[in-house]
Structures are given as C-alpha cells and as structure tokens.
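A short worksheet on the structure shown next.
Note that this is a predicted model, so its numbers are computed, not measured. Count residues from 1 along the sequence.
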Amino acid sequence: MVLEMKVPSPGESITEVEIAEWLVQDGDYVEKDQAIAEVDSDKATLELPAEESGIITLKAEEGDAVAVGEVVCLIDTSAAKPEGGDSPKTEEKEAPKEEPKAVEAPKAVETKTETYASGTPSPAAKKILDEKGIEPASVSGTGRDGRITKEDAVQAVPAMGTPTGGSRGESRSKLSMLRRKVAERLVSAKNETAMLTTFNEVDMSPIFALRKQYKEQFKEKHGVGLGFMSFFTKAVIRGLQMYPAVNSMIDGKEMITYDFCDISIAVSGPKGLMVPVIRNAENLTFRGVEAEVKRLAIRARDGQITVDEMTGGTFTISNGGVFGSMLSTPIINPPQSGILGMHNIVERPIAKDGQVVIAPIMYVALSYDHRIIDGRESVGFLVAVKEALESPEELLMDGNVKKALEL
C-alpha cells in the first residue's frame with residue numbers, strides 16, 4: 001500500500017509552507033513518527049513526521065512552496081525493512097579497467113627566443129612593477145616592438161580603491177519563509193504605526209545585590225537560575241497595570257485594552273528571531289517566570305517552538321544586551337503597541353547623594369505606537385519600570401524577598 005503524505009495545517013491563517021530541508025533521501029526506509037523534513041511557515045519552522053513506516057519517495061524539492069494539504073511524499077508501507085536497518089541503495093558496478101595505453105613521446109616544440117623589446121620592461125618600468133608586485137606579462141607595452149615603458153608601468157598600477165587581486169566573491173541564498181515574513185512585518189510596523197521611542201537608565205545595583213545573595217539558594221531549590229528576565233517581566237507587569245494604554249492595541253477604529261499580561265519575549269533561534277509568549281505572566285512568581293523563559297528559549301533553540309506558542313502577546317520584551325548592545329530603538333511587534341528594549345549592563349559614573357559613584361547601569365528603551373499611547377503614558381510607564389527595578393524588594397516583592405523567591 002502506498003500512503004500519500006500531505007502537508008498538515010501548522011495553524012490558523014497559514015495556507016502555504018516551504019520545504020526547508022529534507023532529513024531523509026529518496027528511497028530511504030523511514031520509521032513511523034521519524035522526522036523526515038523541516039518545513040517553514042511564516043511563523044515558525046516545524047518538523048514533519050512520517051505517518052507510517054516504509055520506503056519513501058519525495059515529491060517536492062527543498063525550497064519548494066507547497067500548499068497545506070498538498071502531497072509532498074509517498075510512503076510504500078508494504079516494503080520490508082532492509083536488513084541491518086540501512087536504506088536500499090543501488091549497487092554500483094565496477095567500471096571496467098582500461099588497458100594502459102602507450103605513451104607517445106612528446107613532440108619537439110619549437111621555442112621562440114624573446115627579444116629585449118618583446119614585452120620586456122625598461123629599467124625604470126621594471127622598478128615600478130617590482131615595487132607593486134605586478135607581473136610584466138600582465139602589462140601591455142606600447143613602446144617600440146611592444147616594449148613596456150615607464151608610462152605603461154605607471155598606468156598598470158591600480159589607483160586607490162581599485163581591486164588589487166583580493167577575494168571578491170559573493171554568495172546568494174534564498175530567504176526562508178520565516179525570514180521573509182519577519183521582514184514584511186518589520187517594514188509594516190515602520191510604515192503603519194506612529195512609532196516613537198523614549199529612553200531611561202536603570203541602576204541595577206539592588207538587583208545585583210539580591211542575585212548575589214540568593215541566586216545559589218534559588219537555583220538549588222527550583223532548578224533554574226535567578227536571571228534578569230523575571231525582574232524585568234515583573235516590572236513590566238507593574239507598568240502595564242498602572243498604564244493600561246500600553247497594554248492595548250488598535251483594531252480598525254477601536255482600541256482593545258487587555259486586563260491580562262501576555263508577555264512576548266524575543267529570542268534568537270537557528271532560523272532567526274522568534275517571539276514566544278508567556279501567558280498570564282501577572283499570575284506567575286519569580287520562579288514561574290524563570291522556568292517559563294527557560295522552557296521557551298530551549299524550544300526555540302531546538303526548533304520545536306509551535307505557532308500557538310508564538311501567537312498573541314500584548315507586550316514584548318527584547319534583550320539586545322546579551323549581544324552587547326548599548327542602546328537601540330526596538331521595533332514594535334504588531335499588532336502590539338509597545339516593546340521594551342533591554343541593553344548591556346556597564347559600570348558608569350552616576351551621581352548619588354551629591355557624590356559621583358560607579359554603578360552597574362542599563363539603558364532601557366520603550367518604543368510605542370503614538371496613535372494610542374501619549375507621552376504621559378509612555379514616559380510614565382518607563383519610569384514605573386525604572387522605579388520597580390531600582391526598588392525591587394519594596395515594589396516587586398512586597399518587602400519579603402524570601403517569600404517572593406519561595407525560599
């Protein structure tokens with residue numbers, strides 16, 4: 001029996017996928033549920049498992065765009081598994097050995113004696129060519145009988161900016177469907193929103209002190225590290241609850257405001273930027289946020305993230321600081337109306353109590369859609385985030401660190 005394998009629907013509104021890579025070859029024996037291909041949709045890269053065991057026949061090439069429901073391969077379920085588990089391969093016949101042929105003696109080649117004038121540089125020209133590492137054979141002489149003159153040598157020396165024999169190769173590769181969709185969304189966000197960015201700085205000393213004191217206990221008890229994302233997520237939730245307009249989005253002529261906080265976190269995966277969502281983050285503890293961030297990051301890194309895990313989200317946090325970014329203007333993740341950019345933490349001189357001290361400082365940036373978020377809300381939100389990060393024990397932990405960290 002020959003089974004036709006069709007492209008399953010990866011999610012709502014997705015009508016087409018692209019064959020990113022075949023993980024098997026035509027004629028291989030595959031086991032049921034074995035991953036046979038990676039397919040790109042405009043939202044994620046997913047694995048395509050074999051529906052039955054048997055010999056596979058591929059019906060699409062890598063890079064082909066195929067509609068959901070279209071046949072991409074056939075599986076002959078009646079075929080027996082080859083002994084040893086190897087896929088059947090065509091036997092290679094030995095090429096017949098050729099009889100050694102007699103080698104003819106080389107014919108005498110007439111040599112032409114080069115005269116002084118036939119392509120030989122003058123002493124002045126030779127000096128110039130030697131200094132610049134240019135072979136005389138590559139220069140056309142304009143002197144008598146083709147002799148290379150000083151002017152010929154000067155003309156042969158490349159001008160500034162002219163290629164001088166170094167590598168100038170280039171490669172061309174097709175953008176994945178996911179990358180093309182990301183590009184479309186970024187351009188759309190710039191063109192269709194009134195995007196502005198406001199900035200502030202955060203003294204991370206209090207969070208550094210808390211992590212230094214409790215991170216070992218936290219990891220030992222919960223099995224996850226106490227990172228910065230839990231503090232930032234908690235601070236963002238506080239800001240969203242204080243300024244609901246930042247937790248809103250435009251739908252036609254209406255403004256939708258959410259009473260829950262689904263926080264999207266931008267992570268870098270093997271196929272590009274992915275933005276999984278922490279659902280109802282307002283109900284999670286520090287441990288819950290850290291565990292969810294770790295779970296989603298691992299799934300994104302391993303290419304196992306699903307469309308459902310990246311759908312929705314009311315606000316986004318992007319951490320460019322892990323790559324060393326000092327400051328940036330993050331682009332809104334539509335249809336959301338705001339995104340917070342975190343950056344690297346650097347020791348900088350700041351004023352405290354009338355004195356200059358050195359402290360770990362992070363610049364933060366909020367990009368927002370000015371169509372529904374005014375300056376008051378945007379600046380107020382970012383100040384609320386700053387206050388929470390600089391007074392975490394009071395504003396994020398209700399004055400009880402051990403209880404908040406479940407220690």
**Request:** Mark yes when over 12 heavy atoms from residues, nucleotides or ligands other than Lys386 sit less than 6.0 Å from its NZ; otherwise mark no.
**Result:** yes

**Item:** side chain to side chain contact (heavy atoms under 4.5 Å, CB included) partners for Ser205, two or more places apart
**Value:** Asp203, Lys352, Ala359, Pro360

**Ring centroid separation Tyr368 to Tyr243 under 6.0 Å** = no

**Fill in**
When rounded to the nearest 0.5 Å, the distance separating CD1 of Ile237 from CZ of Phe232 is 13.5 Å

**Prompt:** Gln213 and Val401: side-chain contact (heavy atoms from CB on, under 4.5 Å), yes or no, with the steps?
**Reply:** CA-CA 11 Å; Gln213 184 175 356; Val401 178; over 6 Å; no

**Message:** As a quick check of understanding, evaluate side-chain contact (heavy atoms from CB on, under 4.5 Å) for Leu74 and Ile56, giving each step before the final call.
**Reply:** CA-CA 6 Å; Leu74 305 176; Ile56 192 168; over 6 Å; no

**Prompt:** Are Thr285 and Glu406 close enough that a side-chain donor and a side-chain acceptor fall under 3.5 Å?
**Reply:** yes

**Message:** Could you walk me through whether Thr311 and Thr306 satisfy the side-chain contact (heavy atoms from CB on, under 4.5 Å) test, starting with their C-alpha distance in whole Å, then the side-chain angles of each, then the deciding distance to 0.1 Å, before giving a yes or no?
**Reply:** CA-CA 9 Å; Thr311 301; Thr306 66; over 6 Å; no

**Item:** Arg211 to Phe231 six-membered ring, cation-pi geometry met (6.0 Å, 45°)
**Value:** no

**Request:** Go through the side-chain N and O atoms of Thr149 and Asp152 and say whether any donor and acceptor fall under 3.5 Å apart.
**Result:** yes

**Prompt:** Does Arg376 come within less than 4.0 Å of Asp374, counting only side-chain N to carboxylate O?
**Reply:** no

**Request:** Run the numbers on Phe315 and Phe381 for ring-ring contact (aromatic ring centres under 6.0 Å, His included), then give the verdict.
**Result:** CA-CA 12 Å; Phe315 187 88; Phe381 169 85; 5.4 Å; yes

**Request:** May I ask you to say whether Lys81 pairs ionically with Glu31, meaning some side-chain N is under 4.0 Å from a carboxylate O?
**Result:** yes

**Message:** Under 4.0 Å between a side-chain nitrogen and a carboxylate oxygen: does that hold for Glu309 and Arg295?
**Reply:** yes

**Request:** Side-chain contact test, heavy atoms from C-beta onward, threshold under 4.5 Å: evaluate it for Pro276 versus Arg299 and give yes or no.
**Result:** no

